[in-house]
Amino acid sequence: MSTIPDDLSYTKEHEWVAGLDDGLTVTVGITAYAAEALGDVVYVQLPEVGATVEAGDSIGEVESTKSVSEIYAPVSGEVVEVNQAVVDKPDLVNSEPYGEGWMFRVRLEGDPEDLLSAEEYTALTSGDN
């Protein structure tokens, strides 16, 4: 089973969110659990910088050797940065899902809702909920 960092928030769609404590801009990626389930990631499509996203919207895709999965916005706001490194080298999603494999940053609009704690996400992925 993959490690689930305690200092991040999560969605039921297997994205992680970092930086909520400053209330301005958050960093988003997909979890190690999702990366492992996908298998070898071969293509990543991210939203455009400047795009306005709503929490729950499909805003990108991750394609692996097994399947194609959508990326959902975990928060509402404006995309202010995308990780070109993960577009150029999609295997970063597998090798460093919580580090260099981050996907995009969003300037928050409003308070995020429906995010899970590490404990809640652990329960979700272990089937204990």
Side-chain angles (χ1 to χ4, degrees):
M1 185 170 163
S2 57
T3 301
I4 298 173
D6 289 338
D7 59 339
L8 303 176
S9 296
Y10 300 89
T11 69
K12 291 179 182 177
E13 290 76 29
H14 308 290
E15 283 97 12
W16 57 261
V17 179
L20 285 169
D21 48 338
D22 76 2
L24 301 173
T25 302
V26 297
T27 302
V28 177
I30 66 169
T31 66
Y33 177 87
E36 289 173 15
L38 283 166
D40 295 334
V41 174
V42 296
Y43 176 75
V44 176
Q45 177 188 10
L46 298 176
E48 297 283 327
V49 171
T52 300
V53 298
E54 294 288 327
D57 286 354
S58 173
I59 59 171
E61 288 184 348
V62 176
E63 182 177 337
S64 72
T65 54
K66 293 181 180 177
S67 66
V68 177
S69 296
E70 294 186 71
I71 301 169
Y72 296 95
V75 297
S76 297
E78 179 184 355
V79 176
V80 294
E81 184 177 358
V82 297
N83 185 1
Q84 188 61 42
V86 84
V87 173
D88 296 340
K89 196 174 173 191
D91 62 314
L92 285 172
V93 173
N94 296 108
S95 63
E96 298 185 53
Y98 301 112
E100 295 300 313
W102 66 274
M103 299 205 164
F104 55 92
R105 293 192 166 113
V106 176
R107 183 178 305 124
L108 292 174
E109 290 180 9
D111 293 326
E113 298 178 8
D114 300 326
L115 295 179
L116 306 174
S117 67
E119 183 176 296
E120 291 167 328
Y121 187 71
T122 299
L124 175 75
T125 56
S126 66
D128 292 343
N129 58 349

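Predicted model, so just to flag it, every value in this text is computed and none were measured. The figures that follow rest on heavy atoms only: side chains count, while hydrogens, waters and symmetry mates do not.
- In this structure a side-chain-to-backbone donor-acceptor pair under 3.5 Å is present from Ser76 to Ala55.
- Interatomic distance, CD of Glu48 versus CD1 of Ile59, reported as 11.5 Å (0.5 Å rounding).
- Without hydrogens or angle criteria, Asp6 side chain to Ala118 main chain gives no donor-acceptor distance under 3.5 Å.
- In this structure, NE2 in His14 is found 6.5 Å from OG1 in Thr31, a value given to the nearest 0.5 Å.
- Every ring-ring contact (aromatic ring centres under 6.0 Å, His included) that Tyr10 has, sequence neighbours left out, goes to Tyr121.
- Looking at Leu115 and Val17, their side chains come closer than 4.5 Å, going by heavy atoms from C-beta outward.
- With hydrophobic clusters built from ILVMFWY side chains whose heavy atoms lie under 4.5 angstrom apart, Val87 does not share a cluster with Tyr98.
- Here the closest heavy-atom approach between residue Tyr72 and residue Glu15 is recorded as N-OE2, 2.9 Å.
- Without hydrogens or angle criteria, Ser64 side chain to Leu38 main chain gives a donor-acceptor distance under 3.5 Å.
- Annotation: side chain of Pro112 is in contact with side chain of Leu20 (closest heavy-atom distance under 4.5 Å).
- Of the possible donor and acceptor atoms, none in the side chain of Trp16 sits under 3.5 Å from a partner among the backbone N and O of Thr27.
- Rounding to the nearest 0.5 Å gives a distance of 13.0 Å between CD of Glu119 and CG of Leu124.
- In this structure a side-chain-to-backbone donor-acceptor pair under 3.5 Å is present from Asn83 to Ala85.
- Linking ILVMFWY side-chain heavy atoms closer than 4.5 Å, directly or via other members, places Val80 and Val28 in two distinct hydrophobic clusters.
- With hydrogens and angles disregarded, no donor-acceptor distance shorter than 3.5 Å links the side chain of Asp114 to the backbone of Thr11.
- Note that CG of Asp57 and CD1 of Ile71 are 13.0 Å apart. Values are rounded to the nearest 0.5 Å.
- To the nearest 0.5 Å, the span separating CH2 on Trp102 from CG on Leu46 amounts to 9.0 Å.
- Applying the salt bridge (charged side-chain N to carboxylate O under 4.0 Å, His left out) definition to pairs two or more places apart or across chains, those involving residues 75-99 are Glu78-Arg107, Glu81-Arg105.
- The minimum heavy-atom distance linking Val53 with Val75 is given by the pair CG2-O, 3.8 Å.
- Under the 4.5 Å side-chain heavy-atom criterion for Ile, Leu, Val, Met, Phe, Trp and Tyr, Val86 and Val82 are members of the same hydrophobic cluster.
- Linking Ile, Leu, Val, Met, Phe, Trp and Tyr whenever their side-chain heavy atoms come within less than 4.5 Å leaves Leu8 and Val93 in two separate clusters.
- When all heavy atoms of Glu100 and Leu92 are compared, the closest pair comes out as O-CD1, 3.8 Å.
- Criterion: ILVMFWY side-chain heavy atoms under 4.5 Å apart, direct or through other members. Under it, Val62 and Val79 are part of a common hydrophobic cluster.
- The main-chain N or O of Ala35 is found under 3.5 Å from a side-chain atom of Asn94 such that the two form a donor-acceptor pair.
- The backbone N or O of Ser117 sits less than 3.5 Å from a side-chain atom of Glu120, completing a donor-acceptor pair.
- Of all the heavy atoms in Pro90 and Val42, the pair that sits closest is CG-O, 3.5 Å.
- Taking CD1 of Ile4 as the reference point, atom OG of Ser126 lies at 7.5 Å (rounded to 0.5 Å).
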